[in-house]
Amino acid sequence: MARNDFLTGVANRRFFYEIATKEIERIARFIHTLSLAYIDIDNFKQVNDTLGHSAGDKLLQVVAGTIKENIRSIDTVSRLGGDEFALLMPETNAQSAITALNKLRHALLDMVHENNWPVTFSIGLVTCSESCKLNELIKEADNLMYTIKASGKNRIENKVHSFNKTSA
């Protein structure tokens with residue numbers, strides 16, 4: 001229970017950091033690729049304000065379930081807080097991550113349409129290989145997500161992040 005978000009059942013922030021740190025150590029040792037996505041529910045506050053907090057909670061639960069149903073068993077989804085989720089995709093290059101996230105975003109949009117929730121999804125994606133720092137990856141993915149929100153919402157923005165060996 002200490003590793004899961006009480007509302008959604010997905011990994012919590014602390015467990016996400018544990019898993020991500022281990023994956024980053026692994027990709028540095030074996031020279032693999034890792035992708036990290038930040039997923040934000042656009043207009044979430046509107047759901048809470050107009051439909052009530054129980055509807056907002058239900059939305060978070062259904063979003064978490066939809067993400068879990070549309071990712072691989074080696075991926076990790078986490079609720080970082082509020083209406084933000086992180087998705088860690090080991091062994092996934094930028095193109096494969098974009099393909100997977102486009103599929104996921106469409107599944108999420110279908111789900112919210114079926115439930116008449118007035119929300120969309122902004123997703124910041126960062127991919128790195130060989131050597132990276134978790135805090136820098138998270139900051140970059142978060143910045144990309146906020147860039148999307150400031151410029152119209154409801155899309156995926158990606159960046160391939162390169163770190164030199166000395167910055168690891």
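We count residues from 1, following the sequence as given.
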*When rounded to the nearest 0.5 angstrom, what is the spacing between CG in L137 and CG in L36?*
6.0 Å
*Cluster question for you: counting only ILVMFWY and a side-chain heavy-atom cut-off of under 4.5 Å, with indirect links fine, are F30 and I19 together?*
no
_Please give me the minimum heavy-atom distance between A141 and V126, naming the atom from each residue._
N-CG2, 3.4 Å
*Answer with yes or no whether the hydrophobic clustering places W117 together with I39; edges join I, L, V, M, F, W, Y residues whose side-chain heavy atoms lie under 4.5 Å apart.*
yes
_Check against side-chain contact (heavy atoms from CB on, under 4.5 Å), L88 and F16_ = CA-CA 8 Å; L88 184 69; F16 175 79; 3.8 Å; yes
*Do N43 and K153 have side-chain atoms, one donor and one acceptor, less than 3.5 Å apart?*
yes
*For the side chain of R13 and the backbone of L80, is there at least one donor-acceptor N/O pair under 3.5 Å apart?*
yes
*asked:* Assess the residue pair M89 and I71 against the criterion (side-chain contact (heavy atoms from CB on, under 4.5 Å)); give the C-alpha distance rounded to whole Å, side-chain angles, the decisive distance to 0.1 Å, and a yes or no.
replied: CA-CA 9 Å; M89 298 176 282; I71 61 174; over 6 Å; no
*Considering residues at least two apart in sequence or located in another chain, which fulfil the salt bridge (Lys or Arg N to Asp or Glu O under 4.0 Å) criterion with R155?*
E157
*Is there a donor-acceptor contact under 3.5 Å from the side chain of T120 to the main chain of D42?*
no
_Pairwise distance CG(L59) to OG(S54) - rounded to 0.5 angstrom_ = 11.5 Å
*asked:* Checking side-chain polar atoms at under 3.5 Å, does N93 have a donor or acceptor matched by the opposite partner on T33?
replied: no
*Is it possible for you to say whether L60 and V10 belong to one hydrophobic cluster, with membership spreading through side-chain heavy-atom contacts below 4.5 Å?*
yes
*May I ask you to test the Y17-I138 pair for a side-chain heavy-atom distance under 4.5 Å?*
yes
_F85: which of V63, D5, I123 passes side chain to side chain contact (heavy atoms under 4.5 Å, CB included)_ = V63
*Counting heavy atoms not belonging to K149, are there more than 12 under 6.0 Å from its NZ?*
yes
*Quick one: pull up CE in M145 and CD in E84 and give me the separation to the nearest 0.5 Å.*
4.0 Å
_As a test of understanding, state which of V62, V119, T66 forms a side chain to side chain contact (heavy atoms under 4.5 Å, CB included) with L108._
T66
_Testing the basics here: between C128 and I27, what is the closest heavy-atom pair and its distance to 0.1 Å?_
SG-CD1, 3.8 Å
*Taking the side chain as every heavy atom from C-beta outward, state whether H113 and L109 have any atom pair closer than 4.5 Å.*
no
*asked:* Just verifying a value: how many Å separate I98 CD1 and I156 CD1, rounded to the nearest 0.5 Å?
replied: 7.5 Å
*Between A94 and T127, which heavy-atom pair has the shortest distance, and what is it?*
CA-OG1, 3.5 Å
*Roughly how far apart are E69 CD and L104 CG, rounded to 0.5 Å?*
10.5 Å
*Does F6 offer a backbone N or O that forms a donor-acceptor pair with the side chain of R79 under 3.5 Å?*
no
*Audit row: N115, K58, side-chain contact (heavy atoms from CB on, under 4.5 Å) steps and yes/no*: CA-CA 10 Å; N115 288 284; K58 180 68 175 167; over 6 Å; no
_Quick one: does any side-chain atom of S151 pair with a main-chain N or O of T147 as donor and acceptor, under 3.5 Å?_
yes
*Linking I/L/V/M/F/W/Y whenever any side-chain heavy atoms sit under 4.5 Å apart, do L7 and L87 land together?*
yes
_Pairing of E23 and R26 as salt bridge, 4.0 angstrom limit_ = yes
*Determine whether I148 and I67 fall in the same hydrophobic cluster, where Ile, Leu, Val, Met, Phe, Trp and Tyr are linked whenever their side-chain heavy atoms lie under 4.5 Å apart.*
no
*Exercise: identify the closest heavy-atom pair between N12 and S78*: O-OG, 3.2 Å
*Could you check if a side-chain atom of V47 sits within less than 4.5 angstrom of a side-chain atom of P118, using non-hydrogen atoms only?*
yes
*Going from CD1 on I24 to SG on C132, what distance comes out if it is rounded to the nearest 0.5 angstrom?*
4.5 Å
*Which atom of L144 lies closest to which atom of G124, heavy atoms considered*: CB-CA, 3.8 Å
*asked:* I need the minimum non-hydrogen distance between A20 and L134, along with the two atoms involved.
replied: CB-CD1, 3.6 Å
